[in-house]
Amino acid sequence: MTERENLVTVDEMPQHEGQEVTIRGWLYNSRSGGSIAFLLIRDGTGIVQAVVAEDDVSAEVWETAQNLTQESSVIVAGLVNEDPRSPGGYELHLRDVQTVQLAEEYPLALKEHGVDFLLDNRHLWLRTPRQVAILRLRDFIMARLEEFLRDRGFSRVDTPILTPNACEGTTTLFETEYFGDPAYLTQSGQLYSEATCAALGKVYCFSPAFRAEKSSTRRHLIEFWMLEPEMAFFTHEDNLDLQEKMIDYVITQVLQKKGELLEELDRDKDPLTFERPYPRITYDEAVDILHEEGLSIQWGDDFGAPHETAIAERFDRPVFVERFPAECKAFYMEPDPQRPEVVLAADLLAPEGYGEIIGGSQRIDDYDLLLEKIREFGLPEEEFDWYLDLRRYGSVPHSGFGLGIERLISWIAGLDHLREAIPFPRLLNRMRP
RNA sequence: UCCACGGUAGCUCAACGGCAGAGCGUCCGGCUGUUAACCGGAGGGCUGCAGGUUCGAAUCCUGCCCGUGGAGCCA
């Protein structure tokens, strides 16, 4: 078999109608009918049906085709034909087949499976058309986000995964050991990005973040990816404008260029079809809405998931909730000069119950105020010496935000759980595969 | 940590105090246009673990383990 002759991928087949081509991939499924057989072959770009008729091929090829097992790796050659009876509209009239490896009995049948079984077999589950579509969408979304930022003068500056202290001192961290000293897996690169933005102006870090919370919900991962831009000289308003434009850009690009992925995922496009601007409401207005909805909340309480959903349901597009009470937010957030009891922070809530996809704020740039806050929050002052230095040497107003990649993907793809938005999810008590 | 639901064949599930079953997958046989193909046959079980109640437990009770969803926390 001249296996490299006219080597094509499944998605390229329409351009090779009437030609003899070679395709390399895996057997997705097969059906046989006496002296005719249908092999569904996937190669990562799509699935094509290969037709084998006993009369048209050698006995050896016929025998090989008959005995292929699910997910066996193969190289097939044949003639490309347009045929409405074939899924995808094109099929391959098989002339030759070569088995690369004959697969053992495959654990995943082509039918419904339970979550536990699928997660145990995540390394194989990834081969299904739905998971392939999600991962392609993830790749596209990540690329567009970085493209958006780079086009606006941002540089990617990475931040450390191993850190000596809790960045914000709130959530539970994974502890490890650093040559005898305690160390922690990062939960955010933000504090470091505040340093690099004073060096480069506009930066972002893009890395995994770790939260050792015993969270077991569809909106949480133990290890997730966070994109965190940080901008010198950006006010709270500048910050919200950037967030809005970035989300708008990604959604528009997905709708324009990757509609077929949304269709593969049965994602209704209508809820994604909206325009800027996104509504901006204050924390105070949000509390009023929640009271109207009959939810119990007092001024000063942070929102829980039911609260976020109730607020988001009032709007047909993402909504900013801004100016939170200082006591329910992080220590580094700049107080509103008009109302020092609230901070210049905002959460962006996605529609359809997908919750908070962005959390951001203007950062305190005054040395004395920041030191006061560190003490007020009971944080170890000595650990923040370098962070305080940023307020001693050319301090400027600056702002930034953190975007949860898997939450954004889940919303755009219409997933019902974050675990499908990352190749190998780390969940409560689940670290394999 | 708390609350709810669950654990039976490789997978998805039924049986709910009285012989442990079906569909799918696998294997064998049949079929020249199949669409998660179809038809016939075969193999497949410590009913999560330990104890208790009972003539008899997959089924009822207690404890534990594991999973799922949610709360809290957050992106």
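No experiment lies behind these values; they were computed from the predicted model shown. Chain naming here is simple, since letters A, B, ... match the order of the sequence lines and numbering starts at 1 in each.
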(message) I'd like to know if the side chain of Arg363(A) pairs up with that of Ser361(A) as donor and acceptor (distance under 3.5 Å, no hydrogens or angles considered).
(response) yes
(message) Between A75(B) and C61(B), how many Å separate the two C1' atoms, rounded to a whole number?
(response) 44 Å
(message) Tell me if the side-chain of Arg430(A) makes a donor-acceptor pair with the base of C66(B), cut-off 3.5 Å, by modelled atom types.
(response) no
(request) Provide the distance between the two P atoms, one in G51(B) and one in C19(B), to the nearest whole Å. (result) 24 Å
(request) Could you check which of A75(B), G67(B), A71(B) has an atom nearest any side-chain atom of Met226(A)? (result) A75(B)
(message) Between C13(B) and G6(B), how many Å separate the two P atoms, rounded to a whole number?
(response) 13 Å
(message) If I compare all heavy atoms of Ala133(A) with all of Glu264(A), which pair ends up nearest, and what's the gap?
(response) CB-CG, 3.6 Å
(request) Could you tell me the separation between the NZ atom of Lys214(A) and the P atom of C3(B), rounded to a whole number of Å? (result) 16 Å
(message) Side chains of Thr282(A) and Asp284(A): any donor to acceptor distance under 3.5 Å?
(response) no
(request) Starting from P on G69(B), measure out to CG on Leu428(A) and report it in whole angstrom. (result) 10 Å
(request) Check the geometry between Phe224(A) and A75(B) and answer yes if their rings are stacked (centres below 5.5 Å, planes below 30°), otherwise no. (result) yes
(message) With hydrogens left out and only the distance checked, is there a donor-acceptor pair under 3.5 Å joining Glu91(A)'s side chain and the base of G33(B)?
(response) yes
(request) Considering only atom C1', compute the distance from A15(B) to G72(B) and round it to an integer number of Å. (result) 39 Å
(request) Could you work out the separation of G41(B) and C24(B) based on their P atoms and round it to a whole Å? (result) 12 Å
(request) Please state how far atom NE2 in His307(A) lies from atom C1' in C74(B), giving the value in whole angstrom units. (result) 15 Å
(request) Find the partner of C38(B): check Watson-Crick (N1-N3 plus N6-O4 or O6-N4) and G-U wobble (N1-O2, O6-N3) distances, both under 3.5 Å, and reply none if neither fits. (result) G30(B)
(request) Write down the atom of Leu262(A), the atom of Leu255(A), and the distance for their closest heavy-atom approach. (result) CD1-CD2, 3.9 Å
(message) Of the listed nucleotides (A71(B), C73(B), A75(B)), which one gets closest to any side-chain atom of Glu213(A)?
(response) C73(B)
(request) Starting from the 5' end of RNA chain B, give me the residue, Asp302(A) or Pro84(A), whose nearest nucleotide shows up first. (result) Pro84(A)
(request) Measure the distance from CZ on Phe174(A) to P on C74(B) and round it to the nearest whole Å. (result) 17 Å
(request) Could you tell me if the ring centre of Trp125(A) sits under 6.0 Å from that of Phe424(A)? (result) no
(message) Could you tell me the Watson-Crick or G-U partner of G69(B), where both distances fall under 3.5 Å? Say none if there is no partner.
(response) C3(B)
(request) Could you please name the option among U32(B), G33(B), G72(B) that lies closest to any side-chain atom of Arg85(A)? (result) G33(B)
(request) Between A9(B) and A4(B), how far apart are the P atoms? Round to whole Å, please. (result) 27 Å
(message) Pairing donors with acceptors under 3.5 angstrom, does anything connect the side chains of Ser188(A) and Glu228(A)?
(response) yes
(request) With a 3.5 angstrom cut-off on both distances, give the Watson-Crick or G-U wobble partner of C24(B), or none if there isn't one. (result) G10(B)
(request) Please state whether the phosphate of G70(B), meaning OP1 or OP2, lies under 4.0 angstrom from any side-chain nitrogen or oxygen of His220(A). (result) no
(message) Distance check needed: C24(B) P versus Glu105(A) CD, whole Å only.
(response) 15 Å
(request) On RNA chain B, check which nucleotide each of Gln70(A) and Glu356(A) is closest to and give me the residue with the more 5' one. (result) Gln70(A)
(request) Decide yes or no for Phe224(A) and Phe210(A): does some side-chain heavy atom of the first lie under 4.5 Å from some side-chain heavy atom of the second? (result) no
(request) Figure out the CD1/P separation between Ile297(A) and A71(B), and round it to whole Å. (result) 14 Å
(message) Is the phosphate of C73(B) approached by Arg219(A) (side-chain N or O, under 4.0 Å from OP1 or OP2)?
(response) no
(request) Just name whichever nucleotide pairs with C74(B), Watson-Crick or G-U, keeping both distances under 3.5 Å, else none. (result) none
(request) Would you kindly say whether Ser86(A) and Asp83(A) are connected by a side-chain donor-acceptor distance under 3.5 Å? (result) no
(message) Please report the distance separating the C1' of A20(B) from the corresponding atom of U8(B), rounded so that it comes out in whole Å.
(response) 8 Å
(request) Measure the distance from CZ on Arg31(A) to C1' on C39(B) and round it to the nearest whole Å. (result) 17 Å
(message) Side chain of Ile36(A), heavy atoms from C-beta onward: which of G72(B), U32(B), U68(B) has the nearest atom to it?
(response) U32(B)
(request) Let me know the distance between CD of Gln66(A) and P of U34(B), rounded to the nearest Å. (result) 17 Å
(request) Could you work out which one of U32(B), U34(B), C24(B) sits closest to the side chain of Lys111(A)? (result) C24(B)
(message) Is it the case that the ring center of Phe384(A) lies less than 6.0 angstrom away from the ring center of Phe377(A)?
(response) no
(message) Below the 4.0 Å mark, does G70(B) have OP1 or OP2 next to a side-chain nitrogen or oxygen of Arg218(A)?
(response) yes
(message) I'd like to know if Glu54(A) reaches the base of U32(B) with its side chain such that a donor and an acceptor end up less than 3.5 angstrom apart.
(response) no
(message) Checking base pairs now: Watson-Crick or wobble, both atom distances under 3.5 Å. What partners C64(B)?
(response) G48(B)
(request) Go through the side-chain N and O atoms of Arg122(A) and Gln131(A) and say whether any donor and acceptor fall under 3.5 Å apart. (result) yes
(message) Need the pair for G18(B). Rule: Watson-Crick or G-U wobble, both distances under 3.5 Å, any strand; none if unpaired.
(response) C55(B)
(request) Establish whether the base of C73(B) is bridged to the side chain of Ser215(A) by a donor-acceptor pair shorter than 3.5 Å. (result) yes
(message) With rounding to the closest Å, how many angstrom separate the C1' atoms on C74(B) and U12(B)?
(response) 35 Å
(message) Go through it in stages, so that I can follow the logic: the residues are Tyr283(A) and Trp299(A), the test is ring-ring contact (aromatic ring centres under 6.0 Å, His included), and I'd like the CA-CA distance, side-chain angles, deciding distance and then a yes or no.
(response) CA-CA 9 Å; Tyr283(A) 172 89; Trp299(A) 199 95; 5.8 Å; yes
Which atom pairs link the protein and nucleotides 27-30 of chain B when you take only N or O atoms and keep those under 3.5 Å?
none

(request) Look at the side chain of Ser35(A) and decide which nucleotide, out of A75(B), G69(B), U32(B), has an atom nearest to it. (result) U32(B)
